[in-house]
Amino acid sequence: MRRRRGRSAALALGLIAGLIAPTALAAPPAAAAPSGTKKVIANLFEWNWPSVASECTNVLGPKGYGFVQVSPPQEHVRGNQWWVAYQPVSYRIESRKGTRAQFQSMVNTCHAAGVKVIVDAVINHMSGQDAGGTGWAGSSYGHYDYPGIYQSQDFHYCGRNGNNDIANYFDRYEVQNCELVNLADLETESDYVRSKIAGYLNDLLSLGVDGFRLDASKHMPAADIAGIRARLSRSAYIVQEVIYGPGEPILPTEYTGNGDVHEFRYGKDLARVFRSERLAYLKNFGEGWGHLPSASAAVFVDNHDTQREGGVLTYHDRGIYALANAFMLGWPYGSPTVMSSYTFGNRDQGPPSDGTNKTLNTTCYSGWECEHRWRVILNMVGFNNATQGAGVANWYDNGYQHIAFSRAGKGYLTINDEDFAVNGRSYYTGLPAGRYCDIIHGDFSNGSCSGPVITVDGSGWFAANVPAHDAVAIHVGAKLS
Ligand code: ARE
Ligand code: CA
């Protein structure tokens with residue numbers, strides 16, 4: 001196995017500075033609509049509702065994101081940590097991220113911008129506070145008592161480990177009936193509990209929400225999720241959080257009948273490839289690696305948990321992170337989610353907020369990373385849209401860290417993650433002859449390109465120099481002539 005560099009300062013600074021540059025966001029282009037279906041999800045983790053709304057209007061819609069995923073909107077326990085959102089106190093749409101009215105207005109605004117809304121829905125459990133307390137919106141609660149919603153008989157008491165907590169992930173009963181980090185575990189097999197959960201989800205659907213990320217899905221039997229889904233007032237996109245764990249009895253594949261499932265191996269494998277293996281191995285990335293069937297897989301380079309745990313690439317990795325996202329957005333496996341983070345120093349640190357823990361408006365590049373706006377990532381969303389439905393063709397690799405492939409007739413991506421530039425090489429794209437914008441280094445708008453132009457000749461070839469740890473991407477949606 002090849003040793004990979006211990007990311008030198010030179011690499012972090014100069015070389016890839018271009019890759020993480022934000023795109024200049026002037027006025028949104030008049031005729032945005034990228035061709036094809038818009039599938040890419042932007043996960044605006046912990047953004048408040050007014051900020052999500054304006055991002056839909058100014059960036060997500062015009063630049064071709066199909067969906068925005070927002071953090072849990074229900075009333076939660078008080079505190080400043082980000083994870084208070086994962087401890088529901090009631091199903092009122094009232095949180096540090098905004099009021100019900102602000103949420104409704106955000107959904108309307110995003111829809112007007114052509115962006116659908118996915119809500120992170122916490123339905124496996126309620127709070128993890130032994131002493132109870134008062135929630136964000138003023139509801140009082142006990143650990144197993146949520147007045148008007150759930151009483152003690154609506155929770156599991158698994159009788160294991162002395163405290164009813166999950167200790168052994170190799171035991172199916174325990175994972176689904178004990179408490180995930182002390183969070184009061186709902187009896188999701190009961191009709192009453194299912195009706196309450198469905199009531200919450202249906203309320204969100206009535207506000208126009210388009211889909212749900214079902215938090216902690218592994219901790220609910222797939223049949224319980226099916227029972228809840230059957231009560232939804234209309235169809236909605238569903239993606240379930242079932243983390244693949246080697247040797248665990250509960251498998252992601254059990255859940256594909258309910259909707260998509262997050263493929264957690266994807267980000268971990270991609271990080272390993274970029275850090276210590278060979279990009280050449282990506283030739284059959286996805287199903288060829290034992291991952292979920294493409295049509296059921298929801299993928300990401302990192303999410304809000306894995307970026308705090310390690311073992312994946314995150315915004316801290318700068319240019320390499322941009323390249324990994326470029327690969328994800330260029331490669332036709334699963335439905336991609338682009339993570340957008342706030343900057344954090346320790347695991348528990350909450351988002352920028354005021355003295356009452358109300359989340360502040362997002363200010364990109366100051367306290368907030370806004371990876372979804374980095375030029376490479378943002379422009380590769382356009383690549384993803386323009387290449388929908390086109391298979392991989394013309395794969396090339398040098399056996400190591402330089403790869404290239406086309407999306408038949410629609411686009412071409414080459415990534416050079418070698419420590420050296422590859423100069424003067426020609427690439428066979430099979431694309432129509434013409435002048436294309438290199439969207440890794442420039443923005444295409446109003447028919448012109450702010451960066452290098454790549455000329456594909458009448459036989460489908462182009463010549464280019466690709467610097468170390470860099471890439472070139474062209475597609476038919478960013479063609480000058
Ligand atoms: C917090 C405190 C706890 C405290 C609790 C209750 O940290 O110490 O006991 O509050 O007071 C998030 C945070 C938690 C937080 C929780 C509630 O990460 O720190 O607890 O919110 O506020 C498993 C689950 C998976 C889960 C991960 C984190 O299977 O579903 O653990 N991910 C989701 C969310 C999280 C969220 C929750 C669930 C809870 O994405 O952000 O927690 O709503 C193996 C297994 C995995 C397992 C993993 C755990 O890999 O295969 O299944 O994931 O280990 O490390
Ligand atoms: Ca459970």
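Note that ligands are numbered from 1 as they come in the structure, with each ligand's atoms numbered from 1 the same way. The first residue of the sequence shown is numbered 1, and numbering continues consecutively from there. Note that these values count all heavy atoms, side chains included, but never hydrogens, waters or copies made by symmetry.
To the nearest 10 degrees, the angle centred on the Ca ion (ligand 2) between O in H219 and O in Q176 reads 80°. Taking the Ca ion (ligand 2) as the apex, the angle formed with OD1 of N124 and OD2 of D185 is 120°, to the nearest 10 degrees.
F285 has its ring centre less than 6.0 Å from the ring centre of H291.
Residue-level contacts of ligand 1 at the 4.0 Å heavy-atom threshold are W82, W83, Y86, Q87, H125, G128, Q129, Y169, L180, V181, L183, R213, D215, A216, K218, H219, E241, I243, E248, H304, D305, R347.
Tested against R160 for a side-chain hydrogen bond (donor to acceptor under 3.5 Å, both in side chains), the candidates D171, D165, N177 yield a single pass: D171.
In this pair, W395 and F405 present their aromatic rings parallel. The plane angle is below 30°, not in the 30 to 60° band. Classified by interplanar angle (parallel below 30°, tilted 30° to 60°, perpendicular above 60°), the ring pair F155/Y146 is tilted.
A cation-pi arrangement is absent between R308 and W83 under the rule of less than 6.0 angstrom and at most 45 degrees off the ring axis.
Between E55 and K63, none of the side-chain N atoms (NZ, or NE/NH1/NH2) sits under 4.0 Å from a carboxylate O, so this pair counts as no salt bridge.
In this model, a donor atom of one side chain and an acceptor atom of the other lie less than 3.5 Å apart for S233 and N202.
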